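Just below is one structure, and these are the notes that go with it.
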Amino acid sequence: MPAHPLSDPSRYLPQAIEERWQRHWRELDLDDTPEQGEGEPCYALSMFPYPSGSLHMGHVRNYVITDVYARVQRMRGRRVLHPMGWDAFGLPAENAAIERGVNPADWTEQNIAQMRSQLQRLGLSIDWKREIATCHPDYYRWTQWLFLQFLDAGLAYQKEASVNWDPIDQTVLANEQVDGEGRSWRSGAKVEKRLLRQWFLRITAYADALVDDLPSLTGWPERVRTMQANWIGRSEGAELRFSVVAPDGSAVAEPISVFTTRADTIYGATYLVLAPDHPRVESLTSPEEALAVAAFCDLVTGQSEQERTAEDRPKRGVPLGSYVINPASGAKIPLWIADYVLADYGTGAVMGVPAHDQRDFLFARRHELPVRQVIIPEGSNAEAYLGEAWTQEGVLIESERFNGLSSAAARQAITAAASAEGWGQARRQYRLRDWLISRQRYWGCPIPVVHCPSCGVVPVPAKQLPVELPRDVAFSGKGASPLAQLEDWVNVPCPRCQGPARRETDTMDTFMCSSWYYLRYSDPHCSTVPFRREAVNQWLPVDQYVGGIEHAILHLLYSRFFTKVLRDRGLLGFGEPFERLLTQGMVQGITYRNPHSNRYVAPADVSDPNDPRDPISGELLEVSYDKMSKSKYNGVDPAKVIETYGADTARMFILFKAPPEKDLEWDDADVEGQFRFLQRLWRLVDSCLQRGLTLAPLAVQAPAASEADRELRRAVHGAITAVQADLEGNLQFNTAISELMKLSNAMAGLIEAASPGVAQEALRSLLLLLAPFAPHLAEELWQKLGGDSDSGGDGDGAGSIHRQRWPVADAAALVRDTIPLVIQVKGKVRGSLDVPADADSATLEQLALASDIAQKWLEGQAPRRVIVVPGKLVNLVP
RNA sequence: GGGGGCAUGGCGGAAUCGGUAGACGCAGCGGACUUAAAAUCCGCAGGUCUCAAGACUGUGGGAGUUCAAGUCUCCCUGCCCCCA
């Protein structure tokens with residue numbers, strides 16, 4: 001008769017132990033942040049989630065990675081801050097309000113409660129006493145306070161701007177929230193251009209600092225640094241001024257400036273183009289062209305920036321009827337407007353050099369403008385010119401005093417001449433533009449200013465913060481922001497003159513809220529300032545930040561910007577928020593697609609995974625691993641996995657299956673395999689207990705002498721060394737876990753033959769190494785073995801394995817008497833030989849030459865050359 | 001088009017400095033236990049040839065440097081990501 005599973009002590013039942021230990025740890029306040037005491041502070045941070053209501057595998061991966069890091073650091077004696085919070089403002093809450101009539105605040109709170117309890121089942125060592133949510137007034141009060149800091153510093157301003165308007169969500173989007181096809185990142189709608197008065201943060205003022213500090217971020221992936229540098233897009237060039245000839249032939253006082261990185265091509269400029277919304281278009285349009293120009297401007301207004309600048313689109317434009325003078329050659333060239341020139345990029349005007357710019361070339365050909373070649377490839381002649389733009393560097397021709405110069409030399413010479421003669425100067429240009437932060441939405445942080453007819457924009461005084469979101473609001477989903485419709489809330493006295501005034505009804509981009517949350521965790525309940533200087537300077541910069549690559553530009557750039565501004569305001573003692581960054585890969589689910597019907601099939605409906613067939617038509621299905629999503633039926637619910645296998649298996653699997661930065665393919669069979677490993681550990685400890693082996697102090701310490709003892713100690717200390725190496729530098733959890741498997745395999749074979757002291761050391765080390773990865777099982781086995789009775793004299797050690805110190809490898813245990821020496825002949829491995837570990841090169845050479853292997857392969861000849869790599873191999877070259 | 005990255009068994013992935021390629025796991029195969037199955041335990045396993053011992057071959061393809069190349073250099077092909 002088999003024993004009842006629950007009463008069978010030889011079975012590992014995670015459900016029976018995990019909740020119990022989680023309760024025990026809470027009672028011990030195990031995860032509290034030690035504000036004082038010994039040990040270096042260490043800040044381990046995961047990117048906080050949006051409280052959508054359900055935890056997905058991407059979250060699990062993110063938080064487990066950070067948790068293992070945090071637990072290892074604690075065991076190594078550091079004081080660790082490991083907090084969690086909620087990026088809680090945003091559109092889904094408001095959409096829920098519109099669709100289902102629930103209050104966004106209530107909806108969000110419910111979701112937070114649900115996700116928190118799901119997270120807690122993972123056994124994360126998070127200090128929940130420091131939990132924050134960006135939608136709570138005691139948090140967003142400080143977001144508003146920080147906004148006022150930006151306002152005071154001249155870094156927040158309002159501007160009438162052509163903005164990205166999302167017709168579905170009825171709101172304005174930042175450039176970063178519009179994808180390459182001109183669609184909203186959230187609704188997927190084609191974005192339109194609209195002219196509205198908006199709030200901006202002057203991130204461009206920090207463009208240089210944001211680029212220049214990138215090389216110092218050595219703990220960041222190269223990829224992310226490159227992406228940020230490209231996003232900022234700094235280029236060195238020149239601003240050149242063209243004087244203007246009005247349609248009636250008269251000179252105009254104000255010249256037009258262009259920015260170019262190719263000042264060397266100035267003699268090739270045969271026309272000049274303004275953006276259709278450039279402020280001078282109207283005044284420089286001749287009466288004859290007025291109708292065509294107005295029609296063209298109308299056409300362009302409806303297009304997104306991406307549409308206008310796409311390379312594969314025809315370059316459309318119309319002439320204004322005015323002319324400008326090429327400042328270098330003195331030639332009179334026509335002035336045009338074209339859709340591919342953007343008003344807010346550079347000066348809103350570009351010089352057209354068709355011979356040396358592909359876009360200009362296409363435009364010139366379409367509109368029959370002259371092409372004038374002024375650069376030739378070095379070593380060629382002018383005749384070699386083909387029917388395409390020559391966009392590379394070369395040597396100047398047809399450029400008067402600059403003929404014969406190289407492109408690089410000419411850029412300097414021409415810029416210097418322009419500067420001396422007053423028609424230009426060197427200039428830096430950025431792709432980055434100011435950050436649009438206004439949102440015409442309810443569920444966001446209100447912008448704390450009042451518009452007064454007599455005083456203008458007046459900041460809400462700090463002591464009146466927060467400007468609270470009113471709770472009772474009607475959500476129709478149409479027209480203006482719900483806040484704008486609340487007259488009671490909108491109408492307030494001006495803080496300065498007390499006259500009637502109106503509140504700002506825009507709320508902030510949620511990226512504002514998430515640009516400083518990592519500072520708040522240092523003292524999350526402080527009610528006098530957003531963060532105390534001593535607290536942030538103690539804990540920050542963040543030692544290890546973990547999150548998805550999708551934030552490589554948005555969140556990570558904004559956070560760096562905030563940090564630098566706050567440093568310059570004297571509020572922080574550092575200029576970069578995140579010292580080390582790990583961008584974890586996606587979790588992908590097995591995806592079955594019918595290539596004929598183009599429909600997805602749920603894995604549960606596929607009866608034989610080795611021969612996947614459509615359950616209806618019987619057609620062969622295509623198998624791939626894709627990002628988990630509802631529409632592909634390929635999602636795996638973390639709650640179900642925890643229910644079936646326990647949190648420890650989920651944690652181990654997710655860490656073992658792939659290196660953290662790589663995409664991870666979820667595979668049920670591999671999860672099963674991971675569960676089996678934990679069961680083997682359980683049985684290993686169980687069999688030790690059966691034989692009376694525990695972690696209780698031994699009365700007599702027998703000297704470790706047997707071969708089994710030496711071998712076991714070698715395995716133990718080899719594992720400690722290897723795991724240590726995997727956790728330093730790049731966090732290689734996958735190989736760390738494989739080392740644990742190797743150790744457990746070795747112990748299964750050796751522990752019975754080992755003496756009690758050595759066996760104890762092995763058990764103890766295995767469990768300590770396991771503790772960060774599978775905290776519940778490690779604790780259970782530790783307590784079963786009576787580990788606390790052997791807490792090594794550390795008074796703090798009692799109560800939990802998680803208060804123990806990380807094991808230290810004993811180098812002496814790794815020493816071997818003999819090692820296998822590889823014998824190569826002409827670089828090919830021909831065999832190996834056991835040799836004394838401490839043999840010197842000369843001895844190794846002699847041993848190798850005397851070996852049977854050498855006899856066989858050298859056929860009695862003396863080798864021409866012998867290479868000895870001590871401890872590794874001997875290569876004999878005949 | 002520009003920038004960045006990747007390519008290793010049936011699969012996920014290992015392999016500090018150039019030094020025994022394929023650790024660890026999944027799937028597979030064989031065996032033990034069992035009436036049987038599951039679970040568990042033991043073993044095999046890159047490919048080709050061979051009864052075997054063994055030999056040859058092998059890290060996307062091609063060249064090069066080296067005593068020695070998955071690792072370094074150049075070229076090509078394919079895939080992924082970012083920006084256009």
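Given the structure is predicted, the values throughout are model-derived calculations rather than measurements. Just so it is clear: chains get the letters A, B, ... in the order the sequence lines come, proteins before strands, and each one is counted from 1.
Defined by atom type and a distance below 3.5 Å, a donor-acceptor pair is present between the side-chain atoms of A:Glu672 and A:Tyr645. With no hydrogens or angles considered, no side-chain donor-acceptor pair links A:Asn634 and A:Tyr592 at under 3.5 Å.
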- Dot-bracket summary - RNA chain B, pairs being Watson-Crick or G-U whose distances fall under 3.5 Å, with | when paired to another strand: (((((((..(((......[....))).(((((.......))))).((((....))))..(((((..]....)))))))))))).
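With the nearest nucleotide of RNA chain B identified for both A:Asn230 and A:Pro820, A:Asn230 has the one nearer the 5' end.
A straight line from CZ of A:Arg225 to P of B:G4 spans 13 Å, rounded to a whole angstrom. For A:Met227 and B:G3, the CE to C1' distance is 11 Å, given to the nearest whole Å. In this structure, the CD atom of A:Glu739 is 8 Å from the C1' atom of B:A23, given to the nearest Å. For the pair A:Leu13 CG and B:A39 C1', the interatomic distance rounds to 14 Å; values are reported in whole Å. Whole-Å rounding puts the A:Phe675 CZ to B:G25 P distance at 17 Å.
In the set B:C24, B:A21, B:U40, B:U40 carries the atom at the smallest distance from any side-chain atom of A:Gln679. The listed nucleotides are B:C67, B:G3, B:U40; the one nearest the side chain of A:Val877 is B:C67. Comparing B:C82, B:C56, B:C41 against the side chain of A:Arg680 picks out B:C41 as the nearest.
The phosphate of B:C24 has neither OP1 nor OP2 within less than 4.0 Å of any side-chain N or O from A:Arg676. Residue A:Arg223 has no polar side-chain atom (N or O) positioned under 4.0 Å from OP1 or OP2 of B:G5. Using a 4.0 Å cut-off, no side-chain N or O of A:Arg359 falls inside it from OP1 or OP2 of B:A84.
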- Quick one, give me the B/S/- string for nucleotides 7-19 of chain B, reading 5' to 3', where B means a protein heavy atom under 4.0 Å from the base and S means that only happens at the primed atoms, P, OP1 or OP2. -----BSSS---B
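At a threshold of 4.0 Å, the pair A:Arg676-A:Asp670 does not count as salt-bridged, since none of the basic side-chain nitrogens sits closer than that to a carboxylate oxygen.
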Under 3.5 Å, which donor-acceptor pairs link side chains of residues 870-877 of chain A to any protein atom two or more places apart or in another chain?
{"from": "A:Asn875", "atom 1": "OD1", "to": "A:Lys826", "atom 2": "N", "distance (Å)": "3.4"}
{"from": "A:Asn875", "atom 1": "OD1", "to": "A:Gly827", "atom 2": "N", "distance (Å)": "2.9"}

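Around atom CD of A:Glu550, more than 12 heavy atoms belonging to other residues, nucleotides or ligands sit under 6.0 Å away.
No side-chain heavy atom of A:Arg225 sits under 4.5 Å from any side-chain heavy atom of A:Leu556.
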